[in-house]
Amino acid sequence: MNIPTKYDPSKTEERWYDYWMKHDLFSSKPDEREPYTIVIPPPNVTGVLHMGHMLNNTIQDVLIRKNRMDGKNSLWVPGTDHASIATEARVVAKLRDEGISKAQLTRDQFLSHAWEWKDKHGGMILEQLKKLGASCDWNRTRFTMDDVYYESVISVFIDLFDKGYIYRGVRMVNWDPQAKTAVSDEEVNHREVQSKLYYVRYEVKGNETGIVIATTRPETILGDTAVAVNPEDPRYKHLHGKTVIIPLVNREVPLITDDYVDHEFGTGALKITPAHDENDYEIGNRHNLEIIDILNDDGTLNEAAEICIGMDRFRARDEVVKELEERGHMVRVEDYVNKVGFSERTDAVIEPKLSMQWFLKMKELSKPALESVMKGEVQLHPAKFKNIYRHWMENIKDWCISRQLWWGQRIPAWYIGKTNEFVVAARPEEALELARSKTGNNELGMEDLHQDEDVLDTWFSSWLWPIALFDGIRHPDNEEYQYYYPTNDLVTAPDILFFWVARMIIAGYEYPGKKPFGNVYLTGMVRDSKRRKMSKSLGNSPEPLDLIKKYSADGVRVGMLLCSPAGGDLLYDDSLPEQGRNFGNKIWNAFRLIRQWEVDHEIEQPESAKAATEWFEHKLNSTLAELEDHYKKYRISDSLMTLYRLFWDEFSAWYLESIKPPYGKPIDAVTRERCIHFLDMLIRMLHPFMPFITEHIWQLMAGREDGESIMICRMPEAGKVDPSIISQFEDLKVAVTAVRNIRKEKSLPAKESLKLYVRDQNHSYNKRFESILVKLGILDHVEETTEKMEGAVSFRVQSAEFYIPLEEAVDAGEELQKLEEELSYNRGFLKSVLAKLENARFVEHAPEQVVNKERKKKDDAEMKIQVLEERIRDLRG
């Protein structure tokens, strides 16, 4: 078979993905095998692939492929989230471009446009994930607005309402004036901004000097209903009980005292605007203050403001400042840095706003979810997030679950006539029956009911994701739900630990009464080399599909994972996927080398090949055991790095060099067979990380039946390991490297055979791999000696001394300098090891094998120092 010189992923990756799809190799159905399940964090239906998705989904695919090869019935369920705010914004913008205003449309007309947009543009990201190699069961693709899913969400709302967890009321919420909807606390990003602190004088009845307050939001003065001071503040005790005049609107309000007021901030006097600040709202409730809401839903001022009516809030700020200055109320203005909340969805500045909304009581619901993580029933990787999770859950607030939108699951509440009386039901006819029962009026008709206009928060649907995907809300006894739930692993970003992960755990314990997954792997953030978050607005985020085209999907996957430990940020630059691509080329070249060797069944296996095969068998088994430990501890990056080194350093650089026949000569059949066996094991181990090139090589290695694939082969299992064999080969590497360095330093021809003598008084030299030393060192032979050899260049491995006699005399001064430098290094190394071993805390608390390893380092260093000191004494005479 003609194997191309270069591997061309552009000709293989699409081919093999189509092959996997054609043979339905990603699909899963319940059977007798142990299930392994991952549900994809559903990307927004508006989304396109970005670097965070690349990292997240590569990790999921590694886990799925690994467990599939371990013989488990692996299922990765894909899907998308309807993303209420983002999608509605896209549709509104599209309609605006077409000259249509949302206000001109009925709800049904708007939803018709929304579904049309979704069908045309939604799900693009899932198609892009296929380019990455994602092995999802695409037959199961779900959408959070599918009919079955929709019913599940509504069913949960009704159930929680009936249990008394859901209520409706006026509360202070985070209001997004651009999207014209409430958003949750977790959807607000707080950023430091350069602001102004305005000092404004308010008149006080019966007092000539008045009182000065400091504010960053002078436009809200128009909604002030009190001024507050701390009751213990001596500066203002003479004003207790007085009346204050609000500037510009001349509203008389009380001066009140409250312990909340901070003596140190500003002037120690606080303007109170209960409708537009959460803390002011609490103070207003305590003092029974009037509430004046001056803002419309779009952030413009309404008639209650009395001035600047219809003006945008920020333009109104400028106008109010101007008026305050002209009327002599402005005392001074200072530069000020403060934190401002921005909507995660639209990046609009958030307004605290009193609003009638639907809320879910979270305190009781969340207790089992907190306990499960604290006890380790659900494990977070890395564990550092456990305390963050606990803090959030212990301080959890009621969840505002309503949104003022049309795209989403509509709240199943039905109002009776023109009253605020309502019933909650899944369908209109059920609502009518409940309304008749509630009012005692059997004459009520559907025309007397109208459904709530709001929809549910998107997260209220996605918190049911692992349950609803298998129809576990509507039919908890169905076979698939019973088989696949709870799922095994969840891979997601830390920034949605509370948006989504915590809420899924809460839902799991409320409904099936058990955890939704066993492990949560929290990825880091992908940042550029300057540690900035990747973003298209900054222009520092590459286009993922362009990276795949340039470096291959395998190359990008490897590049993303080589240095991205759980919870640790990935500092991206193009050298990472380039390194991944180069690794693919290394694998391909090793395969080509092995395939081009001709086999002679008549020749015997050389001793060097036999010894190398014995060593690599143990090295491979040792690495398999190490890999399993990494996988169990969710050290995915470590798993890949271990494989990278095994293939590049051990297999290619040492094993293949040790067994390689002389140029133009054939290889013996036994060695070739074992080499192919090792290559087969290696590419199966690499397959979860590099699915395309491993499939391609596996298919070329032997005749395969149509439908066969490496992805459904079993992962190799670790066999017996003799650590002494691995250790002895490490000594061999040191010796070979030393011989090669001497050749380079002394400019000795590579083909010139050298004589090597070994002086081994402490019996540390083992002949097991001497044949490889002769081959790779290009030696005549290795001969033992009991004498030191003058005029020879030397090196040592462990306590054994090696000499290479040279025709020209060795420069004793140069050799002495080199040995003294090595002695200095080893003394420093021994000092650092002793410092560890003399640390009682380390010796008592570190794992036994770690302490033993340090003790061995100490013994080895002491032995090396002894040999070096003796050699230096000899040279000095």
Side-chain angles (χ1 to χ4, degrees), residues 590 605-633 635 638-660 670-671 674-686 715-740 758 760 762-777 782 795-800 802 829 833 847-861 863-864:
Q605 185 180 32
E607 186 59 36
S608 56
K610 184 178 180 181
T613 299
E614 179 188 30
W615 159 71
F616 195 72
E617 183 97 44
H618 288 269
K619 184 65 181 178
L620 194 58
N621 285 331
S622 172
T623 304
L624 278 165
E626 183 183 347
L627 269 178
E628 279 306 305
D629 185 59
H630 286 324
Y631 276 122
K632 285 176 183 175
K633 294 172 181 173
R635 297 198 290 239
D638 290 344
S639 300
L640 175 58
M641 183 54 76
T642 298
L643 281 170
Y644 183 92
R645 288 173 176 156
L646 177 67
F647 195 99
W648 196 297
D649 298 336
E650 312 296 353
F651 182 70
S652 296
W654 289 103
Y655 173 70
L656 291 184
E657 287 300 310
S658 298
I659 68 167
K660 186 168 67 175
V670 174
T671 302
R674 294 306 293 164
C675 182
I676 290 291
H677 169 69
F678 290 148
L679 179 62
D680 176 73
M681 292 179 74
L682 285 166
I683 64 168
R684 280 188 278 152
M685 293 160 71
L686 283 163
M715 184 65 71
E717 295 181 6
K720 292 181 180 179
V721 177
D722 184 341
S724 67
I725 292 176
I726 296 173
S727 176
Q728 288 161 19
F729 199 89
E730 291 304 309
D731 290 344
L732 163 80
K733 290 180 184 177
V734 175
V736 171
T737 302
V739 172
R740 288 172 172 172
V758 58
D760 183 29
N762 296 311
H763 308 290
S764 68
Y765 175 65
N766 191 294
K767 292 186 177 183
R768 184 192 295 270
F769 299 116
E770 192 172 280
S771 58
I772 300 176
L773 177 57
V774 170
K775 178 178 181 176
L776 298 184
V782 178
F795 63 89
R796 55 113 190 87
V797 179
Q798 301 290 358
S799 61
F802 292 82
F829 177 76
V833 173
E848 185 179 353
Q849 65 268 28
V850 173
V851 177
N852 289 339
K853 192 173 182 180
E854 294 301 315
R855 285 174 177 150
K856 186 175 187 309
K857 287 180 184 177
K858 168 184 168 290
D859 294 341
D860 290 345
M863 182 83 71
K864 289 174 185 176

State, to 0.1 Å, how close [X] and [Y] come at their nearest heavy-atom pair, and which atoms those are.
{"X": "P716", "Y": "R684", "value": "CD-CB, 3.9 Å"}
{"X": "S622", "Y": "V721", "value": "N-CG2, 3.5 Å"}
{"X": "A612", "Y": "Y655", "value": "O-CD1, 3.8 Å"}
{"X": "S658", "Y": "K775", "value": "O-NZ, 2.9 Å"}
{"X": "I659", "Y": "A609", "value": "CG2-CA, 3.9 Å"}
{"X": "L656", "Y": "A590", "value": "CD1-CB, 4.0 Å"}

Inset, instruction - Could you check M715 against M685 for side-chain contact (heavy atoms from CB on, under 4.5 Å), going step by step and ending with a plain yes or no? - result: CA-CA 6 Å; M715 184 65 71; M685 293 160 71; 4.3 Å; yes
Quick one: [atom1] on [X] to [atom2] on [Y], what's the gap to the nearest 0.5 Å?
{"X": "L643", "Y": "D638", "atom1": "CG", "atom2": "CG", "result": "11.0 Å"}
{"X": "M641", "Y": "R635", "atom1": "CE", "atom2": "CZ", "result": "14.0 Å"}
{"X": "N766", "Y": "Q798", "atom1": "CG", "atom2": "CD", "result": "11.5 Å"}
{"X": "K767", "Y": "Q728", "atom1": "NZ", "atom2": "CD", "result": "13.5 Å"}
{"X": "I772", "Y": "L732", "atom1": "CD1", "atom2": "CG", "result": "5.5 Å"}
{"X": "M681", "Y": "N621", "atom1": "CE", "atom2": "CG", "result": "6.0 Å"}

When you compare the side chain of [Y] with that of [X], does any pair of heavy atoms fall below 4.5 Å?
{"X": "V797", "Y": "S764", "result": "no"}
{"X": "F769", "Y": "I725", "result": "yes"}
{"X": "W654", "Y": "L776", "result": "yes"}
{"X": "F651", "Y": "L646", "result": "no"}

Inset, instruction - Taking only Lys NZ, Arg NE, NH1 and NH2, and the carboxylate oxygens of Asp or Glu, determine whether R855 and D859 approach each other closer than 4.0 Å. - result: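 Salt bridge absent between R855 and D859.
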Inset, instruction - Kindly say whether I726 contributes a backbone atom to a donor-acceptor pair with the side chain of H618 at under 3.5 angstrom? - result: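 Here the side-chain-to-backbone pair does not exist.
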Inset, instruction - Could you give me the CA-CA distance, side-chain angles and deciding distance for Y765 and D731, then say whether side-chain contact (heavy atoms from CB on, under 4.5 Å) is met? - result: CA-CA 9 Å; Y765 175 65; D731 290 344; over 6 Å; no
Legend entry - Option from K660, Q605, K610 for which side chain to side chain contact (heavy atoms under 4.5 Å, CB included) with T671 holds: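 Between T671 and the candidates, side chain to side chain contact (heavy atoms under 4.5 Å, CB included) is satisfied uniquely by Q605.
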Legend entry - Trace of the salt bridge (charged side-chain N to carboxylate O under 4.0 Å, His left out) decision for E650 with K733: CA-CA 10 Å; E650 312 296 353; K733 290 180 184 177; 2.5 Å; yes
Inset, instruction - Over 60° means perpendicular and under 30° means parallel, so classify the ring planes of Y644 and W648, tilted if in between. - result: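 Judged by the thresholds at 30° and 60°, the geometry between W648 and Y644 is parallel.
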Inset, instruction - Give me the ring orientation class for W615 and F729: parallel if the planes are under 30° apart, tilted from 30 to 60°, perpendicular past 60°. - result: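 Ring orientation, 0 to 90° scale: parallel.
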Inset, instruction - Please say whether more than 12 non-hydrogen atoms of neighbouring residues, nucleotides or ligands are located less than 6.0 Å from CD in E717. - result: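 Atom CD in E717 is not crowded, with 12 or fewer foreign heavy atoms closer than 6.0 Å.
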Legend entry - Centroid-centroid distance, F616 to F678, less than 6.0 Å: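 Aromatic pair counts; centres sit under 6.0 Å.
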